[in-house]
Structure formats: structure tokens, C-alpha cells
Amino acid sequence: MGDTAKLLYQAVLPTSATSVYTAPQGKYTVIKSIFLTSLANGTDRTFRMIIGGITVGYDHVVKSNKTLLLNDLNIFLLPGESIQLHCPGGNMISQISGIEVDYIASEFPYIKSNGVLSVPSSAILNPDASYDRLIKSLIITNPSSASTEVVVQANGFSLMYRQLIKPYDTLVLPLPNFFLTKGQTIAANVISGSGTLFGIVAEKVVQ
């Protein structure tokens, strides 16, 4: 049936961890945009969000009566994978749009990985270096009450050097069509802090 654009979720956020959307069997879903709107007049709100294993927000603050737009994430969900989302204080609305596509494993074009960055050794972030790849996005989340500094390198050349990420903040680095040949890697480590989370999404290139 091809691609189907859909509003995946539109509601007030639950106050405890909840799967708000699950990719249906036989389909994969690509997340295109996320709106998070605080309805708490005079009070900031926080949210936590995990998309297909990639932490996009951990106690991230949305200011009173403000809207946060997350665009061009390019995170995909395999059949049965979910978006987990909640706002402990309540009074926040989310609207999530995406595309559902027929899932055929042998033709599936995307790969991803996620994990925890360490000090000081570098972790290899990019998934499955047996392909030429276009890196679509890199997401780094600091779930700690202390700031962290992150170094990201592609084949030994810095993409970010000692990038400061504040407590409970997330760095979304869209890397549309950043090309890596077979065997090349993206690596990262933290200079300070602990528990820093990453997620990376790539598209296979057949040449």
C-alpha cells in the first residue's frame, strides 16, 4: 500500500511512563515531527521521551506556555517498537506525525544504534559498518544533574569538540546525507560527566 502519512499521537501526556504509539505489524514508521506544548500557566514542565530505544528527552524542560518542536529526527520504529512519553507534572500536550511504510526486511533501508557514552574511551556509534551509509541524525542526551562535554569524530576528524550539554538537555544534530563509506566510523566520548546517552540513525547506500 506504500507510504501512509499519519498523526500518530495527539493528546494530553500521561503522568507516568506510557507507550503512546506502537508501529503496527507489517509496518515500520518514520517519525517526522513532534510538538510538545505546555499548558501550565506560570509553571515549567518536564518530559521524558524514548523513541524505539533512543532517548530524545530526559526531564527536559518546556517553559510555561511554550511549545517545543522536534523536527527532522528521522528516527524509525520497527514493527512492534514504541514511543514512550510522559510528563510527570501533567498539563502538557503532544502531537506526533510520521509515515507508516510496508516493512519488508530484505528491502529495509535504515539502521540505528543507541547506548551510553563513556569516559574517556571512545564508543563506536554508527551502526553496521558493513555498508556505505548516509548518517541521518545523531542525538545525545544528558540525563544527569551535572553538565557534560562531548567529543564526536568521523574517521578521526572532529564533528564536535568538547561540546557542552547542560543538565537534562538534549543535542539533536541532524546530519542529512553525511556520507560514510564501508568500514568508516563515527565515534564519541565524554570528557566529564556520566550516563550520557546517544542514538544514531543511518540509511544504507547501495552503489
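- Formation of a donor-acceptor pair under 3.5 Å by the Ser144 side chain with backbone atoms of Ala146 is found in this model.
- In the model, Ser64 has no side-chain atom that pairs as donor or acceptor with a side-chain atom of Ser38 under 3.5 Å.
- Atoms OH and CD, from Tyr103 and Gln25 in turn, are 10.5 Å apart once rounded to the nearest 0.5 Å.
- The CE atom of Met92 lies 9.0 Å from the CG atom of Asp44; values are rounded to the nearest 0.5 Å.
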* Asked: Hey, mind stepping through Thr67 and Phe35 against side chain to side chain contact (heavy atoms under 4.5 Å, CB included) and telling me if it holds?
  -> CA-CA 7 Å; Thr67 294; Phe35 285 83; 3.9 Å; yes

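- Between Phe76 and Tyr110, the ring centre distance stays below 6.0 Å.
- Under 3.5 Å, the side chains of Asp169 and Asn142 contain no donor-acceptor pair of N or O atoms.
- Hydrophobic cluster membership differs between Val116 and Ile186, with clusters built from Ile, Leu, Val, Met, Phe, Trp and Tyr side chains linked at under 4.5 angstrom.
- Linking ILVMFWY side-chain heavy atoms closer than 4.5 Å, directly or via other members, places Leu197 and Ile31 in two distinct hydrophobic clusters.
- Inter-residue side-chain proximity for Ile165 and Leu171 is flagged as met; some heavy-atom pair is nearer than 4.5 Å.
- Inter-residue side-chain proximity for Val152 and Leu138 is flagged as met; some heavy-atom pair is nearer than 4.5 Å.
- Within a 6.0 Å sphere centred on OH of Tyr161, other residues, nucleotides and ligands contribute 12 heavy atoms or fewer.
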* Evaluate the side chain to side chain contact (heavy atoms under 4.5 Å, CB included) criterion for residues Leu85 and Ile96: first the C-alpha distance (whole Å), next the side-chain angles of each, then the deciding distance (0.1 Å), finally the verdict. => CA-CA 11 Å; Leu85 177 60; Ile96 304 174; 4.2 Å; yes

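- A chain of hydrophobic side-chain contacts below 4.5 Å, direct or via other Ile, Leu, Val, Met, Phe, Trp or Tyr residues, connects Leu73 to Val20.
- Using a 3.5 Å distance cut-off with no hydrogens or angles, the side chains of Tyr21 and Thr29 do pair a donor with an acceptor.
- Pairing each heavy atom of Leu36 with each of Val62, the nearest pair is O-CG1, 4.3 Å.
- Listed here is the closest heavy atom pair of Tyr28 and Val30: CE1-CG2, 3.8 Å.
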* **Pair Val205-Tyr131, side chain to side chain contact (heavy atoms under 4.5 Å, CB included): steps then yes or no** => CA-CA 7 Å; Val205 177; Tyr131 298 90; over 6 Å; no

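- Here the straight-line distance linking atom CG of Leu39 with atom CG of Asn41 works out to 10.0 Å at 0.5 Å rounding.
- Two residues are said to be in side-chain contact when any heavy atoms from C-beta on lie closer than 4.5 Å; Val150 and Arg162 fail this criterion.
- Across every non-hydrogen atom of Ser33 and Leu69, the tightest pair is CB-CD1, 4.4 Å.
- Minimum interatomic distance between Asp59 and Tyr168 (heavy atoms only, all atoms of both residues): O-CB, 3.5 Å.
- Ile200 and Met160 fall within a single hydrophobic cluster, where Ile, Leu, Val, Met, Phe, Trp and Tyr side chains are chained together by heavy-atom contacts under 4.5 Å.
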* salt bridge (charged side-chain N to carboxylate O under 4.0 Å, His left out) between Glu81 and Lys112, worked out -> CA-CA 13 Å; Glu81 289 188 327; Lys112 66 182 174 182; 2.9 Å; yes

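- The OG atom of Ser16 lies 11.5 Å from the CZ atom of Arg48; values are rounded to the nearest 0.5 Å.
- Between Ile83 and Ser19 the shortest side-chain heavy-atom distance does not fall below 4.5 Å.
- Val56 has its side chain within reach of Leu70: a pair of non-hydrogen atoms, C-beta onward, lies under 4.5 Å apart.
- At a threshold of 4.5 Å between non-hydrogen side-chain atoms, the residues Ile34 and Gln95 do not count as touching.
- The main-chain N or O of Ile104 is never found under 3.5 Å from a side-chain atom of Glu107 such that the two would form a donor-acceptor pair.
- With Arg133 contributing its side chain and Gln184 its backbone, the two residues share a donor-acceptor pair below 3.5 Å.
- Taking the charged nitrogens against the carboxylate oxygens, Glu100 and Lys27 have no contact shorter than 4.0 Å, which rules out a salt bridge.
- Heavy-atom minimum distance, Asn74 versus Val201: O-CG1, 3.2 Å.
- Annotation: side chain of Leu68 is in contact with side chain of His60 (closest heavy-atom distance under 4.5 Å).
- Shown here for Ser82 and Leu77, the closest heavy-atom pair between the two residues is O-CD2, 3.6 Å.
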* Is there a side chain to side chain contact (heavy atoms under 4.5 Å, CB included) between Thr170 and Ile139 once you walk through the steps? -> CA-CA 7 Å; Thr170 294; Ile139 298 162; 3.8 Å; yes

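- Side-chain atoms of Asn114 never come within 3.5 Å of backbone atoms of Ile54 as a donor-acceptor pair (strictly under, hydrogens ignored).
- The cluster map of Ile, Leu, Val, Met, Phe, Trp and Tyr, joined by side-chain heavy atoms under 4.5 Å apart, puts Leu173 and Ile140 in the same cluster.
- Of the possible polar contacts, none joining the Arg45 side chain to the Cys87 backbone as a donor-acceptor pair under 3.5 Å is found.
- Taking the side chain as every heavy atom from C-beta outward, Asp132 and Phe179 approach each other to under 4.5 Å.
- Distance OG1/Thr148 to CG/Leu117: 8.0 Å, rounded to 0.5 Å.
- In this structure, Gln84 CD and Thr18 OG1 are separated by 8.5 Å, a value rounded to the nearest 0.5 Å.
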